[in-house]
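Reading through the structure tokens given below for one structure.
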There are 2 protein chains.
Amino acid sequence: METALPKFDSVFSIDCVIFGFEAGELKILLIERNEEPFKDWFALPGYIVEQDESIDDGAKRILYELTGLRNMPIKQLHTFGDVNRHPQGRVVTIAYFALIRISGQKDLTPITQYAKKAFWHPVKDLPKLAFDHTTIFETAFRRIRRRLNYQPIAFDLLPEKFTLTQLQSLYEVIQDKKLDKRNFRKKMLSYGFLKELSEKQKGVSYRAAKLYKFDRRKYNKIFQNELNIQTTE
Amino acid sequence: METALPKFDSVFSIDCVIFGFEAGELKILLIERNEEPFKDWFALPGYIVEQDESIDDGAKRILYELTGLRNMPIKQLHTFGDVNRHPQGRVVTIAYFALIRISGQKDLTPITQYAKKAFWHPVKDLPKLAFDHTTIFETAFRRIRRRLNYQPIAFDLLPEKFTLTQLQSLYEVIQDKKLDKRNFRKKMLSYGFLKELSEKQKGVSYRAAKLYKFDRRKYNKIFQNELNIQTTE
DNA sequence: TCAAAAGTGTTTGCCGTACACCCATGG
DNA sequence: CCATGGGTGTACGGCAAACACTTTTGA
């Protein structure tokens, strides 16, 4: 079943790399395609932008329609415009990315027929993806690895209340290296933007850890100088 | 004189923010437009991408045709896709940037009729630019300000042989702050990627300064670990 | 000889890093 | 009582920042 693209003159599309963290693993959101080309392949959620919507709005809409996720805080990543990246014609794609909290309740139900399903897949052992989506993913992954060093993106991936060990293991997964527990905790707490809660972890068969919250207001106050420079992208 | 765009369905274009450094000032390359819309306005060099060229190739071609500069090492900056950014229809633009050496010889002669002329303009006191080009410039400027802290982009702007004072004044201009001379020189020299030449500055009416060269090979050797992470974008 | 910029060291505080043991809890 | 992770402090080295005077040169 061939589904022709509406126009081959300079069509542009959106593709989204959505990161999540679950069961100690970094994951991204994939769909199984229900359309040619690459029907039945796994792909990043993506589709063609409408004429009367901004690319930012289009990205939000497309992500919603393919995965059921609304109002995700996506940001632009990079634009991919090789001539032959799409087998049916010229499609320039603008890639977006986001780091979000995976919560069990959110059901990933595509609204459109273009995707059979949407699901989380570990970034380790990603299958071959449709189009140039593997390249797009790699670009996104490099970006967040770098960004982890100077922006508080880890907290977007964690549950609202988390332990320092969870935070550390997230850093370790993204950077793919072990960190020293004492140094990590000392440094994180020294910033002053973590709020210690009176609650403790529950349901573990060992000493329960304290829970913390990320205090974004304090973070902004502390880093407002740097943020003036960093605000974009 | 109205010049209609070829198609209004999802046209995409390139705009280039080309930085240079001359007479102690940071400058960018502008054109004076010779086409509606915004005829006679100043604008970033930019035009529409062809169907059969990648966006990277298109960016190089367009920059050449509007300014006469060939083979510039441009990199992608960001894509701007608001619905109404172009008064004649839907044009998504992919912005590129580069830092280059302004040399007196390079004549800036547009090849096409779309630009009357191309010229360097200080980033201080930029005039109002066509379309959303002021926003694009600001995005590029923020990007290079940040990047200056972790990549050797300053050397792309300087002549091949330069003095430490020239290097420092470039850092000061980009970051808009004064730096301490002793600390600056100590730090720069400690990296080990500056090669001291036996030559000295000429034609100055005070003590001539030593000239230095940036040794990119050494730089790459020293920073290859970090570069593994930083290579992209 | 004067004006203008070149060139040069030391001290201090902070931050990153290395490193190992006892504690609390649930099963 | 045992297994599992939770939680804690110190010492060292390197880097950034503050700070002022002498030297060289051409006009």
Side-chain angles (χ1 to χ4, degrees), chain A residues 23-25 146 148-150 152 154 158-159 161-213 219 222-223 225-226 229, chain B residues 23-25 146 148-150 152 154 158-159 161-213 219 222-223 225-226 229:
Chain A
E25 280 189 313
R146 289 224 52 215
L148 187 67
N149 294 315
Y150 55 87
L158 289 173
K161 301 172 184 181
F162 52 86
T163 69
L164 290 178
T165 300
Q166 287 168 348
L167 182 61
Q168 180 177 344
S169 90
L170 176 52
Y171 271 78
E172 290 177 339
V173 166
I174 296 180
Q175 298 184 338
D176 195 26
K177 68 176 175 198
K178 284 281 168 201
L179 300 172
D180 179 86
K181 183 160 63 161
R182 275 172 296 187
N183 291 336
F184 181 83
R185 296 159 97 91
K186 195 181 347 155
K187 187 171 151 190
M188 277 298 160
L189 293 173
S190 76
Y191 290 133
F193 55 60
L194 292 184
K195 191 172 165 189
E196 184 180 328
L197 304 176
S198 46
E199 280 175 271
K200 293 201 169 180
Q201 216 177 7
K202 277 177 189 148
V204 290
S205 72
Y206 46 80
R207 177 177 176 180
K210 284 180 200 158
L211 291 171
Y212 290 82
K213 252 178 141 163
Y219 177 87
I222 296 167
F223 292 102
N225 296 328
E226 283 103 296
I229 301 175
Chain B
E25 281 188 313
R146 288 223 54 212
L148 188 66
N149 294 317
Y150 56 86
L158 288 173
K161 301 171 183 180
F162 53 85
T163 68
L164 290 178
T165 300
Q166 286 168 348
L167 182 61
Q168 180 177 344
S169 90
L170 177 52
Y171 270 78
E172 291 178 339
V173 165
I174 296 179
Q175 297 183 339
D176 196 26
K177 69 175 173 198
K178 284 282 167 201
L179 300 172
D180 179 84
K181 183 159 64 159
R182 278 171 295 189
N183 290 335
F184 181 82
R185 296 159 96 92
K186 200 183 340 160
K187 187 171 152 188
M188 277 298 159
L189 292 173
S190 76
Y191 289 134
F193 53 61
L194 291 184
K195 191 172 164 189
E196 183 180 327
L197 305 176
S198 47
E199 280 175 272
K200 293 200 167 179
Q201 215 177 7
K202 277 177 189 149
V204 289
S205 71
Y206 47 80
R207 178 176 177 181
K210 285 182 201 158
L211 290 171
Y212 291 82
K213 251 176 138 165
Y219 176 86
I222 296 166
F223 291 101
N225 295 328
E226 284 102 293
I229 303 176

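Just the heavy atoms: all of them, side chains too, but no hydrogens, waters or symmetry mates, feed the values below. The sequence lines fix the lettering, A, B, ..., with proteins before strands; numbering per chain opens at 1.
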Problem - Candidates D/dC19, D/dT8, D/dG7 - which lies nearest the side chain of B/D180 - result: D/dC19
Practice task
Pick base, sugar-phosphate or nothing for B/T165, based on heavy-atom distances below 4.0 Å to the nucleic acid.
Solution key: sugar-phosphate
Problem - d(NZ, A/K177; C1', C/dG16) in whole Å - result: 12 Å
Completion exercise
Rounded to whole Å, the CD-C1' distance (A/Q201 to D/dG7) equals 13 Å
Completion exercise
B/L211 atom CG is separated from C/dG7 atom C1', nearest whole Å, by 15 Å
Practice task
Measure up the B/F223 and B/Y191 rings against each other and bin them: parallel (under 30°), tilted (30 to 60°), perpendicular (over 60°).
Solution key: perpendicular
Practice task
For the pair B/Q175 and B/N149, evaluate side chain to side chain contact (heavy atoms under 4.5 Å, CB included) and give the outcome as yes or no after the intermediate values.
Solution key: CA-CA 10 Å; B/Q175 297 183 339; B/N149 294 317; 3.1 Å; yes
Exercise for the section: Look at the side chain of A/N183 and decide which nucleotide, out of C/dA20, D/dT23, C/dT17, has an atom nearest to it. Expected result: C/dT17
Handout entry: Residue whose nearest DNA chain C nucleotide is more 5′ - A/K186 or A/S205
Key = A/K186
Practice task
Using heavy atoms to find the nearest nucleotide of DNA chain D for A/Y206 and B/Y206 separately, return the residue whose nucleotide is more 5′.
Solution key: A/Y206
Exercise for the section: Calculate the interatomic distance between B/M188 atom CE and D/dA16 atom C1'; express it in whole Å. Expected result: 13 Å
Practice task
Please report the shortest heavy-atom distance between A/T163 and A/A209, naming the atom on each side.
Solution key: CG2-CB, 3.7 Å
Exercise for the section: Send over the distance from A/F184 CZ to D/dG9 P, rounded to a whole Å. Expected result: 18 Å
Practice task
Ignoring the backbone of B/R182, work out which of D/dG9, D/dC19, C/dT25 is nearest its side chain.
Solution key: D/dC19
Exercise for the section: Look at the side chain of B/R207 and the base of C/dA6, then say whether one donor and one acceptor between them are separated by less than 3.5 Å. Expected result: yes
Practice task
Please state how far atom NZ in A/K210 lies from atom P in C/dC23, giving the value in whole angstrom units.
Solution key: 16 Å
Problem - Base D/dG7 to side chain A/K181, donor-acceptor N/O within 3.5 Å cut-off - result: yes
Handout entry: Heavy-atom closest contact (B/Q166 atom, B/K161 atom, distance)
Key = OE1-O, 4.4 Å
Problem - A/R146 to B/Y150 - nearest heavy-atom pair and separation - result: NH1-CE1, 3.0 Å
Completion exercise
B/K200 NZ to C/dA5 C1', in whole Å, measures 13 Å
Fill in the blank from the handout: note: A/K187, atom NZ; C/dC14, atom P; distance rounded to Å ~ 17 Å
Handout entry: A/R185 vs D/dG7: side-chain N/O to OP1/OP2 distance below 4.0 Å
Key = yes
